[in-house]
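Written out below as structure tokens is the structure these notes cover.
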Protein chains: 2
Amino acid sequence: MTELSVGVRRPARADARRNFDALIAAARVAFAENGADASLEDIARRAGVGIGTLYRNFPTRQDLFEAVYVSEINELAAVASSVAELPPWEALSAWLSRFVSYAVTKRAIIDALNRESEMFAACRKAMYAAGTPLFERGQAAGVVRSDVSFDDVLRMVSGLTSAAFVDDAQRERVLALALDGLRVS
Amino acid sequence: MTELSVGVRRPARADARRNFDALIAAARVAFAENGADASLEDIARRAGVGIGTLYRNFPTRQDLFEAVYVSEINELAAVASSVAELPPWEALSAWLSRFVSYAVTKRAIIDALNRESEMFAACRKAMYAAGTPLFERGQAAGVVRSDVSFDDVLRMVSGLTSAAFVDDAQRERVLALALDGLRVS
DNA sequence: TGCCAACCGGAGGCACCCCTCCGCTAATAT
DNA sequence: ATATTAGCGGAGGGGTGCCTCCGGTTGGCA
């Protein structure tokens, strides 16, 4: 699997690389916690790094978004292969369930991302490359409706991501309910 | 239909009442545009009113949230009666569609609302009072699954609210897809 | 080991927001 | 018409975040 690359470059020197990674990790947490307008100074603090270092690595907030987003997408794509040998319907719905839990944290980022960017297009492509085979396998096997697109499904599921549920059980139940509309049988 | 009341009181004097209403209208727009942490000074500016006036009417940001939220809920409840004479399934799905478009604007507010507040409970109740009859009529007529709750459905639909769709047509399509899981046909 | 370029971090200037306080204005009652 | 008083609005102090700039530090190579 080819890793997606980003506009910003991972530095060459060892200490710089440590800081770079720490910043992305801190940003992931901060964005999930406080939304897309989390304080950059706070992120630098969490990473144990000066604010100057943050700006050197990520000149704009967008750059940070993209770096975090890309790392999440890469992780998600990996899941797709791990469900590949399940039966068609199970594989698809397992991946979508996983998608939900991952998507929860990156919601704020997606909202804020510049959706026109080249990098966003690449991520989209990578994600579709991961999920589409599962989807089409389901359609070929006749267990998935043929009159909807994978895009429709992803957007539906990612919507459920941000709904407020009483507990995880309810989220599962609702996801199942929504997927029942997708299933043939 | 009894209108819900709020913690804050609508003033008695005519000019004060004008300002009060202008503030709620401005806040509705600002929150929808900039999210729950829109600038209060900006809201006052939009309403053509001093910042002091805003604070006099709504001592806390929460108070503003609640006032806006209540006004939206009241509007939504009104829709429920206007679809009452449609056939069961059509009535329910029409209301839910409306729910989506209304909910789009108030999403940020709901996130930020103190969900423990008495006022929130009252709104919830009002909303359920509006929608539950439509739902139960559908179940009684055998066109709605009986193994899910109205709560499940509302949360599902409100999730779709915040998904990013290419256009309204896709939103409609996805909503229909999700509702197909709900329908007994 | 020693050098030097790459890298660090935070002080500081600017902008914006929050919220309070109080002298002024004008709506309403008589 | 006048008095009363609810209501107005914005100045201002405190706080926080953004981003730049530059003197000091240190990793990596010879």
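Proteins get letters first, then strands, A, B, ... in listed order; numbering begins at 1 in each. What you are looking at is a predicted structure, and each value in this text was computed from that prediction instead of being measured.
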Looking at [options], which one has an atom nearest to any side-chain atom of [X]?
X       : options                : answer
B:Arg45 : C:dC17, C:dT28, C:dC19 : C:dC17
B:Ala16 : D:dT26, C:dT28, D:dG7  : D:dG7
B:Ile51 : C:dC19, D:dT20, C:dC7  : C:dC19
B:Glu41 : C:dT20, D:dG12, D:dG17 : D:dG12
A:Tyr55 : C:dT28, C:dC18, D:dT20 : D:dT20

May I ask you to verify if any side-chain N or O of [X] is less than 4.0 angstrom from the OP1 or OP2 atom of [N]?
X       : N      : result
B:Asn19 : D:dC8  : yes
B:Arg61 : C:dC18 : yes
A:Ser39 : D:dC18 : yes
B:Thr53 : D:dG7  : no

Could you tell me which residues satisfy side chain to side chain donor-acceptor pair (under 3.5 Å) with A:Asp167, sequence neighbours excluded, listed by chain and number?
-> none
B:Asp147 and A:Arg173 ion-paired at < 4.0 Å | no
Taking only Lys NZ, Arg NE, NH1 and NH2, and the carboxylate oxygens of Asp or Glu, determine whether B:Arg17 and B:Asp21 approach each other closer than 4.0 Å.
-> no
Measure the distance from [atom1] on [X] to [atom2] on [N] and round it to the nearest whole Å.
X       : N      : atom1 : atom2 : value
A:Arg18 : C:dC8  : CZ    : C1'   : 12 Å
B:Leu54 : D:dG10 : CG    : C1'   : 13 Å
B:Asp42 : C:dA15 : CG    : P     : 18 Å
A:Arg17 : C:dC8  : CZ    : C1'   : 16 Å
B:Arg13 : D:dG9  : CZ    : P     : 11 Å
B:Asp15 : D:dC8  : CG    : P     : 6 Å
B:Ile43 : C:dC19 : CD1   : C1'   : 15 Å
B:Asn34 : C:dC16 : CG    : P     : 14 Å

According to the interplanar angle, ranging from 0 to 90°, do the rings of A:Phe120 and A:Tyr69 count as parallel (below 30°), tilted (30 to 60°) or perpendicular (above 60°)?
-> parallel
Would you name the heavy atoms of B:Leu23 and B:Ala44 that are closest together and state the gap between them?
->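 Nearest heavy atoms, B:Leu23 then B:Ala44: CD2-CA, 4.1 Å.
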How do B:Asn57 and A:Arg56 order along DNA chain D: which one's closest nucleotide is nearer the 5' end?
->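 So the residue in question is B:Asn57.
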Of B:Asp37 and B:Ala14, whose nearest nucleotide on DNA chain C comes first from the 5' end?
->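 Result of the comparison: B:Asp37.
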